[in-house]
Amino acid sequence: MPMYDYACTCGTRFELMVPTWSSPAPDCPDCGATTRRRPPSPSMHGHAAPPAPMTSAPRSWEGLNNGDRDTVTHWRRAVEARRDFEARHPEHRQPRDAIAAHEGRFERTPLTYRELASRAANSGDANQAAAEASRDRRSAPRPEDVG
């Protein structure tokens, strides 16, 4: 049984499954007047979704399949799409700080230059601040170990 859209002069619109395309138009459920068939509504297949977040982009050469041209092109386009999306929808903007370290201890939680500067503010030594951040991450429980 096909489904058709109907409209009434009173402003009521509804969908109804009818036996065939030649079936007479049903009466309006609100006022009882005769309705007319409307052009079908556009069909939506799939779903709309924002582009992948920047945090899902690879952070290393290995993540880019050792520089494979197609992989690099895919991620460049994905990052550009996310940047355009965030420009149009600032409420979805994610904070992005420059990354100082992203490997080893910093793989899951990268060390940003902002964090490094705040840790080095007292001592003035960035190497000592990076070592301190590494020790803190080593002693912190990993997300997969918790729960």
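Summarising the local packing, CZ of R76 is surrounded by more than 12 heavy atoms from other residues, nucleotides or ligands at distances under 6.0 Å. Counting non-hydrogen atoms of other residues, nucleotides and ligands closer than 6.0 Å to CZ of R93 gives a total above 12. Heavy atoms of other residues, nucleotides or ligands lying less than 6.0 angstrom from CD of E107 number 12 at most.
Side-chain contact between S23 and Y4 is absent, with no heavy-atom pair separated by less than 4.5 Å. Taking 4.5 Å as the limit, some side-chain heavy atom of R82 sits within range of a side-chain heavy atom of H92. Side-chain contact between N65 and H74: absent, with no pair of heavy atoms (C-beta onward) separated by less than 4.5 Å.
Scanning both residues, P110 and E115, for their nearest heavy atoms gives O-OE1, 4.2 Å. Between A81 and P51 the shortest heavy-atom distance is O-CG, 3.7 Å. Of all the heavy atoms in D68 and T71, the pair that sits closest is OD2-OG1, 2.9 Å. When every heavy atom of P29 is checked against every heavy atom of F14, the shortest pair comes out as CD-CE2, 3.4 Å.
Panel note: side chain S134, backbone A130; no donor-acceptor pair is recorded below 3.5 Å. Although no hydrogens or angles enter the test, the distance criterion places a donor-acceptor pair under 3.5 Å between the side chain of R137 and the main chain of T109. The main-chain N or O of A25 is never found under 3.5 Å from a side-chain atom of T35 such that the two would form a donor-acceptor pair.
Separation of atoms CZ (R105) and CZ (R138) is listed at 4.5 Å; rounding is to 0.5 Å. Taking CG of D97 as the start and CG of L116 as the end, the distance is 12.0 Å to the nearest 0.5 Å. Considering CZ of R119 and CZ of R114, their distance stands at 15.0 Å, rounded to 0.5 Å. For the atom pair E15 CD and Y6 OH, the distance stands at 11.0 Å (nearest 0.5 Å).
Under a hydrophobic clustering in which Ile, Leu, Val, Met, Phe, Trp and Tyr are joined whenever their side-chain heavy atoms come within less than 4.5 Å, directly or via other members, Y113 and F106 fall into the same cluster. Both W75 and V72 are part of a single hydrophobic cluster, where members link through side-chain heavy atoms under 4.5 Å apart.
Taking the six-membered ring where the residue is Trp, H89 and F85 present tilted rings, their angle falling between 30° and 60°.
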